[in-house]
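Only one structure is covered here, and it is reproduced in the block below.
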Amino acid sequence: MSPVNPAQVSGRLPDAYLRPGSSSFVEFLSEHVPDLLPGRRLTAQGAGGAGTGGLAPHATTIVSLAFGTPGGGPSGVVMAGDRRATMGNMIASREIEKVFPADEYSAVGIAGSAGIAVELVRLFQLELEHYEKIEGSLLSLDGKANRLSTMLRGNLPLALQGLAVVPLFAGYDLDRGAGRIFSYDVTGGRYEEHDHHSVGSGSVFARGSLKKLWRPGMDADAAVRVAVEALYDAADDDSATGGPDAVRRIWPVVATVTAEGYRRVDDARLEEIADAIVAERRAGGARA
């Protein structure tokens, strides 16, 4: 007969929930309920062998770029993601969202195995919220980037089975008064990027577009336009990246992060930008 847990009989929370400990929610789970972590749970349930990743929907492409001049007016970062998820050569979804607020002053975009990536983002959001409640203050932007790196390292066993997650993290650094961008690899390696960056299957084409279009000191509106155009260029050459869909009225998810916090750009504005890009390229093709 299994021993009776006194907490279950009395209705009290287990002692683990009442002891002071780390401000990291992920560390708490690792110590007390490790099977609830995305990587540990799926591995325990048998995620499968090599080739499993090909059966799961994949999300691409994410771009991010900094705008403004620190100390010289509004500055921050823009992050944008297309809406297509693929499964092999099939379109698994046309409306997946890949850009999320990590907290009030940061954003995270996902590329890779969509289901695991979304779960990782939710855990990351909870991790930052838990820290703020326990410590009574916001974690620094470097601290947030480091926490995400640690979480990715915990997903390495699944990455080796083809279920990799490669996020892009960006936010407004309250201490520096500027936007910053961080990229990662599947082992949890963290790298700060300067000015702009892109991840995902269409990133090669998006980065080429960003190099041509990004300018120092551009404002938020110009940066949003550059982000949408970079995704448009990526979709033009990468079948796994979905461009703006005027027929179904599906637009990229685009957000800005400034001293005023995370703000998602509304679809009406994105429709105007997409229409302007199409009109300019149509006119350019006619002249050619």
Side-chain angles (χ1 to χ4, degrees), residues 59-69 72-86 91 93-101 107 109-111 168 170 172 179 181 193-258 260-288:
T60 57
T61 300
I62 307 297
V63 302
S64 185
L65 58 152
F67 64 85
T69 303
S75 62
V77 290
V78 169
M79 183 173 286
D82 77 300
R83 304 290 294 275
R84 178 176 293 177
T86 59
I91 295 176
S93 174
R94 301 179 191 276
E95 299 185 65
I96 185 174
E97 298 203 1
K98 310 174 189 178
V99 175
F100 307 88
I110 56 170
L168 189 60
Y172 183 80
I181 303 167
E193 307 293 345
H194 298 285
D195 304 331
H196 50 74
H197 195 66
S198 177
V199 297
S201 65
S203 61
V204 173
F205 311 108
R207 289 180 198 176
S209 181
L210 291 170
K211 288 179 181 178
K212 291 184 296 182
L213 299 173
W214 184 87
R215 296 288 183 273
M218 63 171 43
D219 62 18
D221 287 340
V224 169
R225 163 68 186 252
V226 169
V228 174
E229 192 155 1
L231 288 177
Y232 189 98
D233 285 335
D236 199 36
D237 288 294
D238 175 44
S239 61
T241 304
D245 191 334
V247 175
R248 297 181 179 86
R249 301 185 65 78
I250 300 173
W251 315 107
V253 176
V254 185
T256 62
V257 187
T258 65
E260 296 180 355
Y262 177 100
R263 297 288 184 274
R264 178 164 171 168
V265 180
D266 62 76
D267 285 349
R269 175 59 182 149
L270 295 175
E271 183 176 6
E272 291 177 4
I273 293 172
D275 288 345
I277 292 172
V278 171
E280 286 182 8
R281 298 196 174 192
R282 184 181 294 122
R287 288 195 299 271

Q. Would you say the side chain of Ile62 lies within less than 4.5 Å of the side chain of Val99, judging by non-hydrogen atoms?
A. yes
Q) What's the spacing between Leu168 CG and Ile110 CD1 if we round to 0.5 Å? A) 11.5 Å
Q: Can you see which heavy atom on Gly217 is nearest to which on Thr69, and at what distance?
A: CA-OG1, 3.7 Å
Q | Ion pair check, Asp233 and Arg281, cut-off under 4.0 Å | A | yes
Q | Side-chain (Trp251) to main-chain (Asp266) donor-acceptor, under 3.5 angstrom | A | no
Q) Are there more than 12 heavy atoms of other residues, nucleotides or ligands under 6.0 Å from atom CD of Glu260? A) no
Q) Can you name the closest pair of heavy atoms from Gly109 and Met79 and give their distance? A) N-SD, 3.3 Å
**Q.** Shortest non-hydrogen contact between Ala111 and Gly200, atoms and distance
**A.** CB-CA, 4.0 Å
Q. So, does Ser75 use its side chain to make a donor-acceptor pair with the main chain of Phe67 at under 3.5 Å?
A. no
Q: Give, for atom CZ of Arg282 and atom CD1 of Ile277, the distance between the pair rounded to the nearest 0.5 Å.
A: 12.5 Å
Q | Interatomic spacing from CD1 in Ile96 to CD1 in Ile91 - rounded to 0.5 Å | A | 13.0 Å
Q) Ignoring hydrogens and geometry, is there a side-chain-to-backbone donor-acceptor pair from Arg207 to Ser198 under 3.5 Å? A) yes
Q: Test Tyr232 against Ile273 for side-chain contact (heavy atoms from CB on, under 4.5 Å), laying out the working first.
A: CA-CA 11 Å; Tyr232 189 98; Ile273 293 172; over 6 Å; no
(Q) Rounded at 0.5 Å granularity, tell me how far CD in Glu271 sits from CG in Asp275. (A) 5.5 Å
Q: Can you measure from CG (Leu213) to CZ (Arg225) and round to the nearest 0.5 angstrom?
A: 8.5 Å
Q | Close side-chain approach of Ser201 and Thr241, heavy atoms under 4.5 Å | A | yes
Q | Option from Leu65, Thr258, Ile181 for which side-chain contact (heavy atoms from CB on, under 4.5 Å) with Val77 holds | A | Ile181
**Q.** Trace of the salt bridge (charged side-chain N to carboxylate O under 4.0 Å, His left out) decision for Arg264 with Glu97
**A.** CA-CA 12 Å; Arg264 178 164 171 168; Glu97 298 203 1; 3.0 Å; yes
Q. Can you check whether Arg84's main-chain N or O pairs, donor with acceptor, with Ser93's side chain at less than 3.5 Å?
A. no
Q | Pairing of Lys212 and Glu229 as salt bridge, 4.0 angstrom limit | A | no
Q | Atom of Tyr262, atom of Ala107 and distance for their closest heavy-atom approach | A | CE1-CB, 3.7 Å
Q) Out of curiosity, Leu270 CG to Ile250 CD1, how far, rounded to the nearest 0.5 Å? A) 13.0 Å
Q. If every non-hydrogen atom of Gly202 is compared with every non-hydrogen atom of Ala234, which pair is closest and at what distance?
A. O-CB, 3.5 Å
Q: Quick one: closest heavy-atom pair of Ala223 and Val78, and the distance?
A: CB-CG2, 3.7 Å
Q | Any Val63 side-chain heavy atom under 4.5 Å of His196 side chain | A | no
